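The structure under discussion appears below in the form of structure tokens.
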Amino acid sequence: MILGVIADDFTGATDVASMLVRAGLRTVQTIGVPQGEIPPEVAAADAVVVALKSRTTPAADAVADSLAAQRWLQAAGARQFYFKVCSTFDSTPAGNIGPVAEALMDALGCSFTIATPAFPDNQRTVFKGHLFVGDVLLSDSGMRDHPLTPMADANLVRVLKAQTRRKVGLIDHAAVARGEAAIRERMAALQAEGVGLAIVDAVSNADLLRLGPALKDMPLLTAGSGVAIALPANFGLAPSGQAAALPAPGGLQAVVSGSCSPATNAQVAHFIAAGRPALALDPLRIAAGEDLVAEALAWARRHIAGGPVLLYSTAEPAAVKAIQGRLGVEQAGALVEQAIAAIARGLAEMGVRQLVVAGGETSGACVQALGIAQLRIGGQIDPGVPWCHAQSPAPHAPSAVHDGLHIALKSGNFGGERSEEHTSELQSPFLISYAVFCLKK
Ligand code: ADP
């Protein structure tokens, strides 16, 4: 293993894993810190991304979980560590970016690290230490009103200072634009001033690629997924299709959807309009104690031989509000997630080996119900949506996951509508089943 990544949430982990694969590293994502022996798939990977849920937990818990991940990655052979944070630097004065970065620095005996969420491909740029989301400062973006991590200050030096004991500095664009030697010079000057963490300006991929060589010997990087594009060259690797290669897909195909986001609503409508078999799941019937899971699986068994089927609770905002009014927001969410997760498991037992899951929380529930401990990351179907291969030795995992299951986890508004000609680029039936779901009429 070359690179050990500690990601502070599940979709953030998939995001950076997908970037690493595109940059040429064979990458596996684990769900939490793996227990027991190192599985062969993990041992064969260039990069392993441990997905934690530490972005908004109490700082002490985030530190403990991150250190456990770091110890496991180190034992598995990681040579460099990457603490993956959100590209909008989601955190509060209590943490968790600062406390986790410092704890990892202590564990690795590292006196200096960079911290930059710059991700120009995703419209996240940093200039003079200020983070821009698209054309506006972070503090003028929707992140200002985030329920858990409101970001009211775009000055990342100030934001990080509030969370750390160490001195925070800036590697500004003037240094980044001049390349490796100037960046190293700036790093040395900052370290001489006693700076432990430095925000880095980057407004383009070219900036990140200039930064990459200067990071070669740094034990710990703290960054969003943007920096991932600049690392493989340090290990003598170049982008190639090889890193994304997964075992050949086979078996039955299905889509389950618990996402009610506008893109998913459009995708479900398209799937139905295309005349493909789709079954709506009514949360009120689940709440009434009806065995909707058994009913849904019996329905799927009747239709699935003919191609992908869709089972969905996806609904328009007014309908969701009405259900939430009757059941409560959390109760409705949990009931639907559990039902869809049980359906996903039943589908795997039925012989589904290619599964698309729509919805971030829904994906978490399905991955858990399927007993998936790790995912090998394949090519990108859509920005932010890689296709993956799961093979889990977990004792409670259904047989499908033992055999291997191709799965795409599509959160919220991901998955653009596709035109017919795009499908010809998709080389596997699995990708086509995804495309069918996301295809433009
Ligand atoms: P997204 O990625 O689009 O946000 P999530 O799966 O993260 O999707 O969140 C959707 C939430 O809405 C889940 O908790 C899900 O169980 C819940 N949900 C799904 N369908 C309905 C529905 N018809 N009524 C109420 N809640 C629903």
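Indexing begins at 1, ligand by ligand and atom by atom, following the structure's order. Just so it is clear, the structure is predicted and the values come from calculations on it, not from any experiment.
- Not a single donor-acceptor pair under 3.5 Å links the side chain of Thr314 to the backbone N or O of Tyr312.
- Residue contacts with ligand 1 for Ser313 involve both N, CA, C or O and side-chain atoms from C-beta outward (heavy atoms, distance under 4.0 Å).
- For ligand 1, the polar-atom distance check finds no N/O of Gln324 at less than 3.5 Å from any of the ligand's N/O atoms.
- Between Ile114 and Met218, the closest heavy-atom pair is N-SD, 3.7 Å.
- Between the CH2 atom of Trp387 and the CD atom of Gln380 there is a distance of 13.5 Å, given to the nearest 0.5 Å.
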Q | Worked verdict on Ile286 versus Val293 for side-chain contact (heavy atoms from CB on, under 4.5 Å) | A | CA-CA 9 Å; Ile286 305 172; Val293 173; over 6 Å; no

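- In terms of polar-atom proximity, Gly333 is counted as a contact of ligand 1, with an N or O under 3.5 Å from an N or O of the ligand.
- By heavy-atom distance, the residue among Glu337, Lys410, Gln338 lying nearest atom 13 (C) of ligand 1 is Glu337.
- Using a 4.0 Å cut-off between charged side-chain N and carboxylate O, Asp403 and Arg353 make a salt bridge.
- Taking every heavy atom of Gly360 and a limit of under 4.0 angstrom, the matching atoms of ligand 1 come to 1 (P), 2 (O), 5 (P), 6 (O), 7 (O), 8 (O).
- When the heavy-atom distances from atom 18 (N) of ligand 1 to Gly258, Ala365, Ser257 are ranked, the shortest goes to Gly258.
- Atom CZ of Arg55 has more than 12 neighbouring heavy atoms from other residues, nucleotides or ligands inside a 6.0 Å radius.
- For atom 24 (N) of ligand 1, the nearest non-hydrogen atom from the set Thr362, Leu327, Ile323 comes from Ile323.
- Heavy-atom contacts of Glu361 reach the following atoms of ligand 1: 5 (P), 6 (O), 7 (O) (cutoff under 4.0 Å).
- Distances shorter than 4.0 angstrom occur between a heavy atom of Val320 and an atom of ligand 1.
- The heavy-atom pair separating Ser257 from Thr264 by the smallest distance is OG-CG2, 3.2 Å.
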